[in-house]
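Everything below concerns the one structure shown next.
Quick note on labels: first sequence line is chain A, next is B, and so on, each numbered from 1.
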Amino acid sequence: MSAAPVHAEEWVGEDVSVADVERALWQLRDASAEGTEGPDLRTSVMTHLAWVPAEWREAAVETLAGLRERHPSRGILLFPAPSAPDGIDAKVSVLAFPQRGGRRHIAAEVIQLTLRGRRATAPASIVTPLLVSDLPVFLRWRGELPFGSPELEQMVGVCDRLVVDSREWKDAAGAYRALESLFEQTAVSDIAWRCTSPWRRALAGLWPEIAEARELRVTGPSAEALLLVGWLRSRLERPVQLVHEDSAEVESAAVDGTAVSVPSDETVSSSDLLSAELDELSRDEIYEGAVRAASA
Amino acid sequence: MTELAENPLLEGLGPRRTPSPCALVIFGASGDLTRRKIFPALYSLARRRMLPERFAVVGVARRDWTDDEFRERMEHAVREFGRDDFDEGVWGWLAGATRYLSLDFTDEEGEDRLAAVLTELDVERGTRGNRVYYLATPPQAMPTVVEAVGKRRDTQGWTRLIIEKPFGHDLESARVLTELIGRHFTEEEVFRIDHYLGKETVQNMLALRFANGIFEPIWNRQFIDHVQITVAETLGIEGRAEYYEHAGAIRDIFQNHMLQLVALTAMEPPIDFTAESVRNEKVKVLKAIHTPGPKHVVRGQYGPGYVEGKEVPGYRQEEGVAPDSTTETYVAAKLFVDNWRWADTPFYVRTGKRLARRETTIAIQFQRAPHPPFEDAATEELKPNRLLVHVQPDEGVSLAIAAKVPGQGMRLRTVNMDFIYGGAFRTDLPEAYERLLLDAMLGDQTLFTRSDEVEEQWSIVDAIVAFWKRGRPSFPNYAAGTWGPAAAKELMRRDGREWLKH
């Protein structure tokens, strides 16, 4: 499904203003349409924000590359650099993808902003003018969530849905306790939760015996093990003990000695996982229940 | 729903559209439909893990093929016509579930052999006596197959019968077929395919109308001037002379696809999206269609011409077509839906072969603004608002609105606001047959036609064909590669309107 852009226009600036970025977008869009039948179609379905600390930069750019052709959107990547001198550096790209069976192109816009110095503590004031009007705003927060920090508070206020991956957290159990506080502010989704979906379906197949479950044994990442046990506790409304053995991905799960298996699927890329989260808009109360019970 | 209520773990996992174990029997397995549509659709479903784990396919036809020969042919078909990349593993699974049986439909012994194979598969593949019989056969073979399958139907599991169009060739034959089917199967077991209903863009008509508050209040005679529906093909009859000589455009497209599009455009909002509710509303529209008089119907037949720069023969020069054939390859009609919503609002419909371009569109033309406060010169390039649903190609919806041309003064032009499927949803649209095969296995009849719908469709067609019999048309009356006969233009011109030019 993923296609390479037909052409790409790019603009780079140092110490820029938001107005410079907006102007660059207009100019790139015009340039991108030259020689085509009419302007490229801007069929944006969302603004996709990503908060990307330095250590996640490479992974975030790669994920976005796999994503932008699937979700026509304006992508805004924010790279905080709080220890650098104050200012904003920008790289703006307009990418044109072929329209299936059509003569025109579909445009995707990517804005990469390095927020230097104090600019990194006021990100909402920078991204708000750049959001596409009246479309949902998804915020992918890479790495640990800095609960209580001004940048997280501001960005949560801007977005309709916060997307995290709790497998990126060192202390998932502790973070889940803090995460609960965000549920009333924005819809939250978790890529780790998405990854548990085939296991949840397999475990649901153990109904009705599973209704009396006492112990869940999981070999897999801590986040997924915690979410699975939290899910069982909240849905079955009973205490369930977790026995966890760590591994890079979920290898096995068993309830009271009864093992379940899931079909070994083809490799799912990080773009696929994030893409699936971007199709969801409403609050996921089952997830919220699992998070509360996981940290209980 | 019961399962969900009992099992709290299923909540939030989303509907699982995987049917229960079953065996799919394809009658007419050596035909084009199996090769071009059914097997590529099965492969796409298998690739997405949407077929049941315990599943079997039995191809049935007269050709003397072995299992392996049939599998090999189907593999080529999937490679040629499938929408996905070919995956050896997926194909291996589907091929492993596939058998072939060479038999004559009229051969009782052969039918017994089929029943025995299915019983074997119940043990071998765990298909539990659940059967989907797909009748991809010529219409004349249908009664024989229905009778043979009906007599041997397994009572152990569920049974579903998928029937390809045409369902009969007139009202009487449709009723006879319905009666025959009714002897062995209930209406809930019968799935009459009109593959147009499996198209995403056709289903989107329901979303467009009933999920958007802005359209439904103006979706009536007060705001809509008229509706135009076009089902145009550039292809000729592609070697199907035997079928087409008897069917013509009126039975091939008008009776089914065209009238379904009219029904979906004109129907009242159903109370829910269950099969019965949706089909009840469609039947009401079909019942309300005023039988068009001779002046309101145009038929045509293509002569030689050029399509995409290539010279093509006329219909009468096609192989297998009588040199003096009076079969129509084009139909245009002005229909009226006699109810409160649509009284006096014409639905102009046209379909034909070898037309100027391939497209299926539904155009809703709204009435002009009652008093635009601009000078005439400012609005001379202005067209009325028009909502255009592109069923194929360029699937999507566009709305023509007036906008000011930038610059001094006030000059207006019509511009299009586009929603393009491939732009907003960057995912391949599933083929209609994938959706319909899966729905039939799941027992969901929403996108299939009910017997009373089919009968209403034939009533309209029979009335048109009856007055056609009174005269001999002067064919050919349009050149291949054009938009049809002059009389079709005249049909619109008389009303001060014109067909959309694209």
Side-chain angles (χ1 to χ4, degrees), chain A residues 1-3 38 40-46 67-73 97-108 193 196-208 210-211 213 228 231-232 234-238 255 263-266 275 279-280 284-290, chain B residues 2-18 20 44 46-53 83-85 87-90 93 199-201 357-360 390-398 413 415-431 502:
Chain A
M1 183 58 225
S2 187
D40 290 344
L41 295 167
R42 253 183 87 221
T43 49
S44 298
V45 291
M46 71 180 89
L67 195 70
R68 59 202 174 196
E69 199 267 335
R70 272 179 281 188
H71 292 270
S73 60
F97 292 93
Q99 179 207 339
R100 184 172 46 84
R103 295 172 293 276
R104 292 160 73 182
H105 298 147
I106 309 293
W193 174 246
T196 64
S197 157
W199 292 98
R200 282 183 281 135
R201 197 177 283 285
L203 289 166
L206 297 181
W207 184 264
I210 199 172
L228 281 172
W231 168 69
L232 281 182
S234 63
R235 298 311 300 161
L236 300 176
E237 295 177 356
R238 57 180 285 116
V255 171
S264 55
D265 220 333
E266 59 261 34
S275 176
D279 285 332
E280 305 289 335
D284 182 350
E285 288 176 4
I286 311 289
Y287 170 68
E288 292 177 7
Chain B
T2 315
E3 196 183 9
L4 180 64
E6 286 173 357
N7 184 350
L9 299 179
L10 286 176
E11 196 177 339
L13 283 171
R16 188 171 197 173
R17 285 178 58 82
T18 306
S20 46
S44 292
R47 200 184 153 95
R48 288 164 182 78
R49 298 178 187 281
M50 296 174 100
L51 292 176
E53 285 282 314
R83 69 180 173 104
D84 296 309
D85 294 338
D87 181 302
E88 294 286 350
V90 174
W93 179 84
K199 288 180 182 288
E200 288 285 330
T201 35
R357 57 184 256 172
R358 170 183 167 258
E359 67 164 51
T360 301
H390 302 269
V391 175
Q392 65 183 20
D394 294 338
E395 294 88 344
V397 180
S398 63
R413 257 179 66 180
V415 295
N416 275 3
M417 289 200 303
D418 291 339
F419 152 69
I420 294 181
Y421 252 93
F425 303 110
R426 303 291 285 159
T427 171
D428 284 344
L429 301 182
E431 283 290 323
H502 301 286

(request) Give, for atom CG of Leu236(A) and atom CG of Asn7(B), the distance between the pair rounded to the nearest 0.5 Å. (result) 8.5 Å
(message) To the closest 0.5 Å, what do you measure between CG (Leu9(B)) and CG (Leu232(A))?
(response) 6.0 Å
(request) Over all heavy atoms of both residues, which pair between Leu10(B) and Ala204(A) is shortest? Give the atoms and the distance, please. (result) CD2-CB, 3.8 Å
(message) Less than 4.5 Å to any heavy atom of chain B: does that hold for the side chain of Leu203(A), its backbone, both, or neither?
(response) backbone
